[in-house]
Protein chains: 2
Amino acid sequence: MDDPLLLKNQVCFPVYSLSREITNKYRPILDELGLTYPQYLVLMALWENEPQCVNEIGCKLHLDSGTLTPLLKRLEAKGLLARRRKSCDERVVEINLTDVGRKLKTEAAEVPQKVMKAMNVTAEELMELKEVVLKILDKQSCNS
Amino acid sequence: MDDPLLLKNQVCFPVYSLSREITNKYRPILDELGLTYPQYLVLMALWENEPQCVNEIGCKLHLDSGTLTPLLKRLEAKGLLARRRKSCDERVVEINLTDVGRKLKTEAAEVPQKVMKAMNVTAEELMELKEVVLKILDKQSCNS
DNA sequence: CCATGTTATATTGTGCGCAATTTAATATCA
DNA sequence: TGATATTAAATTGCGCACAATATAACATGG
């Protein structure tokens, strides 16, 4: 009954389930903007600060070039951003939003509330979730 | 500063990050058993109850046939389980563990503690995390 | 018994995620 | 300067996730 290999005794499995459930809630909402959830995260990073190189985005989102390079190319193909190597260091690819990409933030403004509604949770529950998750997440960063 | 589109104001992003961080902690530990995290989940489901059809496993793990069929084929290729259509209803594929697959539970017994150690968290923190996550996860099931 | 609908799994296609390797540019040091 | 090391992206390969569709088996009504 308290066998640590029983599914009901798992802690990580609910986190994994919730994470997928969340992206499922985002999907129809982001579909209207033509975005996936990881693409939306990249855009949020760029809406905050621009330009940013691939590495900077990767640090903030904990994603590597194997994930980001094709994702950024897809966003470029959609006309939302431009990829250009820096002249002072040709190894670095700098990402700039296009006007369309910048403007998309306006359309995305309603996404958070729509998701919260779709998830059927209160702001208090979300804050509680965030607090607990961040506390554990912080402990991973040093030795990951 | 309290722009809902700022990364630091996101609730779902930490959940998404933590979920990936967790599977990263599992990876080296499960590598020793030749398993991925989703494969480990499927085996936990089967260690609890056997045989199970694809659908039953999918319900427990919230995964569909598009994910499970190839995953189960890989576990079959590893010799851990057998897939066989039921004679009474040929639509249903029944999954049985092999002796090797059943025996693997013994080797997996240490996985949970190893992961907990790798994550550097206390049992209390994990219980707190589980409680909050399950509370929110429960609210999704009905309208997903 | 046959047509129609339903059900269970499989297949296809797209997009992550990540390890491992490659490529090219820059830095360093003998 | 020229060999070596380091760094940043890109590439390759594999395994999920999931939508959409296909396939085959079963169920049901006329």
Side-chain angles (χ1 to χ4, degrees), chain A residues 13 16-31 33-43 51-59 61-78 81 83-95 144, chain B residues 13 16-31 33-43 51-59 61-78 80 83-95 144:
Chain A
F13 170 50
Y16 159 84
S17 295
L18 180 59
S19 178
R20 288 191 296 117
E21 192 60 49
I22 285 171
T23 69
N24 288 341
K25 299 292 184 188
Y26 268 100
R27 198 183 318 281
I29 294 164
L30 291 178
D31 263 354
L33 305 180
L35 296 174
T36 65
Y37 183 63
Q39 288 169 8
Y40 171 70
L41 291 177
V42 167
L43 287 180
Q52 282 187 72
C53 67
V54 175
N55 220 353
E56 287 175 304
I57 299 173
C59 278
L61 305 183
H62 314 294
L63 293 170
D64 72 356
S65 69
T67 302
L68 284 176
T69 296
L71 188 157
L72 290 168
K73 284 183 177 175
R74 280 186 285 271
L75 290 179
E76 186 180 38
K78 288 184 223 264
L81 53 80
R83 300 159 61 249
R84 200 174 62 218
R85 290 193 180 270
K86 289 183 77 161
S87 54
C88 62
D89 186 344
E90 295 268 348
R91 289 172 304 181
V92 177
V93 170
E94 221 175 40
I95 310 294
S144 67
Chain B
F13 171 50
Y16 160 84
S17 294
L18 180 58
S19 178
R20 287 190 298 115
E21 192 60 48
I22 285 171
T23 67
N24 287 341
K25 298 293 184 187
Y26 268 100
R27 197 183 320 279
I29 294 164
L30 291 177
D31 263 354
L33 305 180
L35 297 174
T36 65
Y37 183 63
Q39 288 168 8
Y40 171 71
L41 290 177
V42 167
L43 286 180
Q52 284 188 70
C53 67
V54 175
N55 221 352
E56 288 175 302
I57 298 172
C59 279
L61 304 184
H62 315 295
L63 293 170
D64 71 356
S65 69
T67 301
L68 284 177
T69 297
L71 189 155
L72 290 167
K73 283 182 176 177
R74 280 186 285 271
L75 290 179
E76 186 180 38
K78 288 185 222 265
L80 299 179
R83 301 161 60 251
R84 201 175 61 218
R85 289 193 181 269
K86 289 183 75 162
S87 54
C88 61
D89 186 343
E90 295 268 348
R91 290 172 303 181
V92 179
V93 170
E94 219 174 41
I95 309 295
S144 68

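Labels below follow one simple rule: chain letters A, B, ... track the order of the sequence lines, proteins then strands, and each chain is numbered from 1.
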Identify all pairs in which a protein N or O lies below 3.5 Å from an N or O of nucleotides 19-21 of chain C, and state each distance.
none

DNA chain C nearest-nucleotide lookup for A/Cys88 and A/His62: closer to the 5′ end is A/His62
Return whichever of B/Tyr16 or B/Thr69 has its heavy-atom-nearest nucleotide of DNA chain C closer to the 5' end.
B/Thr69
Return the minimal non-hydrogen interatomic distance between A/Cys53 and A/Val92, and the atom names on each side.
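Heavy atoms of A/Cys53 and A/Val92 come nearest at CB-CG1, 3.4 Å.
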Provide the closest heavy-atom pair for A/Leu63 versus A/Thr67 in the form atom of the first, atom of the second, distance.
CD2-CG2, 4.1 Å
To the nearest 0.5 Å, atom OG of A/Ser65 lies from atom CD1 of A/Ile57 at 12.0 Å
Ignoring hydrogens and angles, does a donor from either the side chain of B/Arg91 or the base of C/dT9 sit under 3.5 Å from an acceptor on the other?
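No pair found.
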Minimum-distance nucleotide (side-chain atoms of [X] versus [options]):
X: A/Thr36; options: C/dC16, C/dC18, C/dT26; result: C/dC16
X: B/Val92; options: C/dT9, C/dA25, D/dA17; result: C/dT9
X: A/Arg74; options: D/dA9, C/dG15, C/dT11; result: C/dG15
X: B/Asn55; options: C/dT11, C/dA8, C/dC16; result: C/dA8

Tell me the interatomic distance from [X], atom [atom1], to [N], atom [atom2], rounded to whole angstroms.
X: B/Glu21; N: C/dG17; atom1: CD; atom2: C1'; answer: 13 Å
X: A/Tyr26; N: D/dA19; atom1: OH; atom2: C1'; answer: 21 Å
X: A/Asp89; N: D/dT6; atom1: CG; atom2: C1'; answer: 12 Å
X: A/Leu63; N: D/dA9; atom1: CG; atom2: P; answer: 14 Å

Listed partners of A/Glu94 passing side-chain hydrogen bond (donor to acceptor under 3.5 Å, both in side chains), at least two apart:
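Once residues adjacent in sequence are excluded, A/Glu94 has no partner under the side-chain hydrogen bond (donor to acceptor under 3.5 Å, both in side chains) criterion.
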May I ask you to test the A/Leu35-A/Leu75 pair for a side-chain heavy-atom distance under 4.5 Å?
yes
Looking at residues at least two apart in the chain, or sitting in another chain, which of them share a ring-ring contact (aromatic ring centres under 6.0 Å, His included) with B/Tyr37?
A/Tyr16, B/Tyr26
